[in-house]
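Just so it is clear, the model here is predicted, and its values are computed rather than measured. In what follows, chains carry the letters A, B, and so on, assigned in the order in which the sequence lines appear, proteins first and then strands, with residues in each chain numbered from 1.
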There are 2 protein chains.
Amino acid sequence: MSTTPSKFLGGATVIQQRNLVEQVADYLTQAIISQRFAPGERLSEMQLARDLGVSRAPVREAARLLESRGLLVSQPRRGFFVRALDAGELNDVFDLRLCLERHALARLVTVFDAEKERALRRQIDIICNAATGDSDSRKIEEDLAFHRMVIAYADNRRLLKAFDDISHELRLCIALIGKTHADPDSIATSHWALLDALASGDPARCREAIDYHIGVARDYVVKGIGEA
Amino acid sequence: MSTTPSKFLGGATVIQQRNLVEQVADYLTQAIISQRFAPGERLSEMQLARDLGVSRAPVREAARLLESRGLLVSQPRRGFFVRALDAGELNDVFDLRLCLERHALARLVTVFDAEKERALRRQIDIICNAATGDSDSRKIEEDLAFHRMVIAYADNRRLLKAFDDISHELRLCIALIGKTHADPDSIATSHWALLDALASGDPARCREAIDYHIGVARDYVVKGIGEA
DNA sequence: CGATTGCCGACTGTCGACAGCTTGAAACCC
DNA sequence: GGGTTTCAAGCTGTCGACAGTCGGCAATCG
């Protein structure tokens with residue numbers, strides 16, 4: 001760190017606020033999500049440490065963290081490789097997402113109230129606003145934030161953690177197809193449908209809504225992968 | 001390593017086969033599951049490194065691994081602490097387990113066949129045999145192995161990973177209550193019921209069976225925690 | 001000309017060391 | 001005597017270094 005103090009943090013805005021590990025992890029995450037590192041590409045600890053101006057220790061720890069999040073895979077004595085998702089794995093991820101969100105909705109619908117509805121409706125507005133003009137990653141984040149709110153309202157920390165775990169992979173999936181979201185109208189409609197189902201208090205309607213919602217997202221991504 | 005070469009591997013049968021990280025991770029896992037480290041206890045990297053005769057690097061990596069598995073929690077600049085589960089977290093874990101197993105059964109029931117049935121029936125026999133005489137950890141492992149098979153048959157790698165993730169916490173839950181499984185008969189009956197439901201091909205029966213099965217396990221553990 | 005073996009470079013796994021922070025307690029003040 | 005300040009010990013975060021291993025390339029052999 002003595003020679004090149006955290007030059008990699010995109011300028012010099014925030015210097016040494018948090019752990020180096022977290023900073024490196026953020027850097028790697030961004031680099032992977034934005035496809036600056038190609039899927040399957042080998043990452044050298046040494047090279048990264050040199051490029052970022054830090055020692056190998058924080059790089060290793062950050063890489064291990066990303067491995068646990070499914071963004072990297074490691075081979076003993078060979079190092080780390082950027083996760084490459086095939087269509088099968090992609091289906092698995094969306095299937096698990098469906099599993100988690102169905103469960104969250106089933107729990108949430110029993111404790112749904114006006115305040116939660118307002119908050120979720122506000123988040124849909126944010127998504128709609130972000131849909132017109134903002135960057136792709138921003139749209140994705142706001143969309144994920146909505147779903148994260150739904151799961152958080154289900155009031156199961158462990159369930160939320162499971163969602164956070166696959167959310168990194170979801171970002172990867174979405175980034176991989178390179179395209180932005182579907183058209184803003186359909187997104188808003190789809191989320192409103194989910195909200196209406198919740199407001200109705202009918203578990204079956206909630207399930208239909210989430211099945212449709214995630215089905216659309218999955219088909220969109222799988223189709224995108226097929227073309228790529 | 002120079003002073004005390006891997007004395008902690010319990011003898012000298014297999015010397016230095018795998019990474020030090022994995023060996024340390026196994027050691028820590030065992031120590032936590034067997035309650036040699038008390039819940040909430042602080043673990044010092046330095047102390048562990050000294051005790052195990054290795055440097056701090058592998059200890060750190062192993063600890064991070066266990067953290068991602070939910071067996072340890074870390075506080076910046078303070079170190080690692082053995083995860084202490086309260087009744088609420090415990091409920092969350094079992095609720096997520098229910099979520100995953102329900103989903104797996106719903107998928108599995110559509111592709112269930114005689115071969116899978118035979119394999120699962122064999123595993124139940126192993127559980128029954130282990131139930132009479134073997135160590136508690138053995139019983140737990142065989143029980144978990146059955147459920148892992150069910151999920152593996154559902155043919156979703158990501159779902160299986162999610163189960164493996166919480167299985168470490170399940171081991172912790174079960175170890176925390178200090179007692180062994182419920183009586184062997186009820187275990188066998190409960191598993192057979194699950195198998196029968198699968199064989200019937202009726203999704204609703206599968207769901208009832210798994211809800212009952214996990215409900216019993218959860219109540220058993222929650223009650224155990226309450227007493228402890 | 002293809003397969004095998006030996007060598008070289010590069011990199012990971014592991015180690016010991018140092019600086020800065022955190023904590024607990026002694027020393028101090030009121 | 002209670003509360004505050006200062007200090008020392010211990011520990012984590014980070015670093016640079018070394019050894020063993022892996023992959024690739026060239027020389028060798030059939």
Side-chain angles (χ1 to χ4, degrees), chain A residues 1-9 12 14-28 31 37-38 40-68 71-83, chain B residues 1-9 12 14-28 31 37-38 40-68 71-83:
Chain A
M1 277 302 301
S2 52
T3 55
T4 319
S6 64
K7 66 178 177 187
F8 65 90
L9 214 144
V14 183
I15 308 167
Q16 282 292 93
Q17 203 76 317
R18 298 166 306 165
N19 285 351
L20 278 184
V21 174
E22 284 184 48
Q23 296 184 60
V24 174
D26 285 351
Y27 170 84
L28 290 178
F37 295 151
E41 179 178 346
R42 175 176 178 176
L43 299 183
S44 159
E45 292 176 14
M46 254 187 161
Q47 192 63 46
L48 285 173
R50 266 197 298 266
D51 292 348
L52 302 179
V54 300
S55 80
R56 277 174 52 218
V59 173
R60 272 179 80 91
E61 282 199 34
R64 278 274 145 77
L65 188 63
L66 289 244
E67 184 186 14
S68 76
L71 295 182
L72 293 176
V73 293
S74 75
Q75 291 181 26
R77 291 259 169 217
R78 295 227 38 211
F80 293 91
F81 299 79
V82 178
R83 174 90 177 273
Chain B
M1 276 298 301
S2 52
T3 55
T4 319
S6 65
K7 64 178 177 186
F8 64 90
L9 211 142
V14 181
I15 308 166
Q16 285 291 93
Q17 203 74 318
R18 298 166 306 166
N19 287 350
L20 278 185
V21 175
E22 284 184 48
Q23 296 184 60
V24 174
D26 285 352
Y27 170 84
L28 290 178
F37 295 152
E41 180 178 345
R42 175 175 178 177
L43 299 183
S44 157
E45 292 174 13
M46 255 188 162
Q47 193 61 47
L48 285 173
R50 267 197 297 266
D51 292 348
L52 301 179
V54 301
S55 80
R56 278 174 50 218
V59 173
R60 273 180 80 91
E61 282 200 34
R64 279 273 144 77
L65 188 64
L66 288 247
E67 185 186 14
S68 77
L71 294 183
L72 294 177
V73 293
S74 75
Q75 293 181 26
R77 290 262 170 212
R78 296 224 38 213
F80 293 91
F81 299 79
V82 178
R83 174 90 176 275

Worksheet item: To the nearest Å, how far apart are B:F80 CZ and D:dG10 P?
Response: 21 Å

Worksheet item: Starting at the 5' end of DNA chain D and moving along, which residue's nearest nucleotide shows up first, B:M46 or A:R78?
Response: B:M46

Practice prompt. Round to a whole Å and report the spacing from CG of B:N19 to C1' of C:dC11.
Written response: 15 Å

Worksheet, complete the sentence: note: B:L48, atom CG; D:dG10, atom C1'; distance rounded to Å ~ 15 Å

Discussion item. Please tell me if A:R60 has a side-chain N or O lying less than 4.0 Å from either OP1 or OP2 of C:dT12.
Written reply: no

Worksheet item: Atom CG of A:L20 to atom C1' of D:dG16: distance rounded to whole Å?
Response: 15 Å

Response to the item:
Walking DNA chain C from its 5' end, the first of A:S44 and B:R42 to be reached, judged by nearest nucleotide, is A:S44

Worksheet item: What is the distance from CD of A:Q47 to C1' of C:dC11, rounded to the nearest Å?
Response: 11 Å

Discussion item. With side chain to side chain contact (heavy atoms under 4.5 Å, CB included) as the test, pick out the partner of B:P58 among B:V21, B:L52, B:N19.
Written reply: B:V21

Discussion item. Whether A:E61 and A:R64 form a salt bridge (side-chain N of Lys/Arg under 4.0 Å from carboxylate O of Asp/Glu) is what I want to check.
Written reply: no

Worksheet entry | Spacing between A:E61 atom CD and D:dG13 atom P, to the nearest angstrom | 7 Å

Fill in: Heavy-atom side-chain proximity of A:L28 to A:L48 below 4.5 angstrom
yes

Fill in: Nucleotide D:dA17, atom P - distance to CD of A:E45 in whole Å
17 Å

Item to complete: Starting at CD of B:Q47, measure out to CZ of B:R42 and round the result to the nearest 0.5 Å.
Response: 11.5 Å

Worksheet item: In whole angstroms, how far is the P atom of C:dA10 from the CD atom of A:Q75?
Response: 21 Å

Fill in: Donor-acceptor pair under 3.5 Å, A:R77 side chain vs D:dG23 base
no

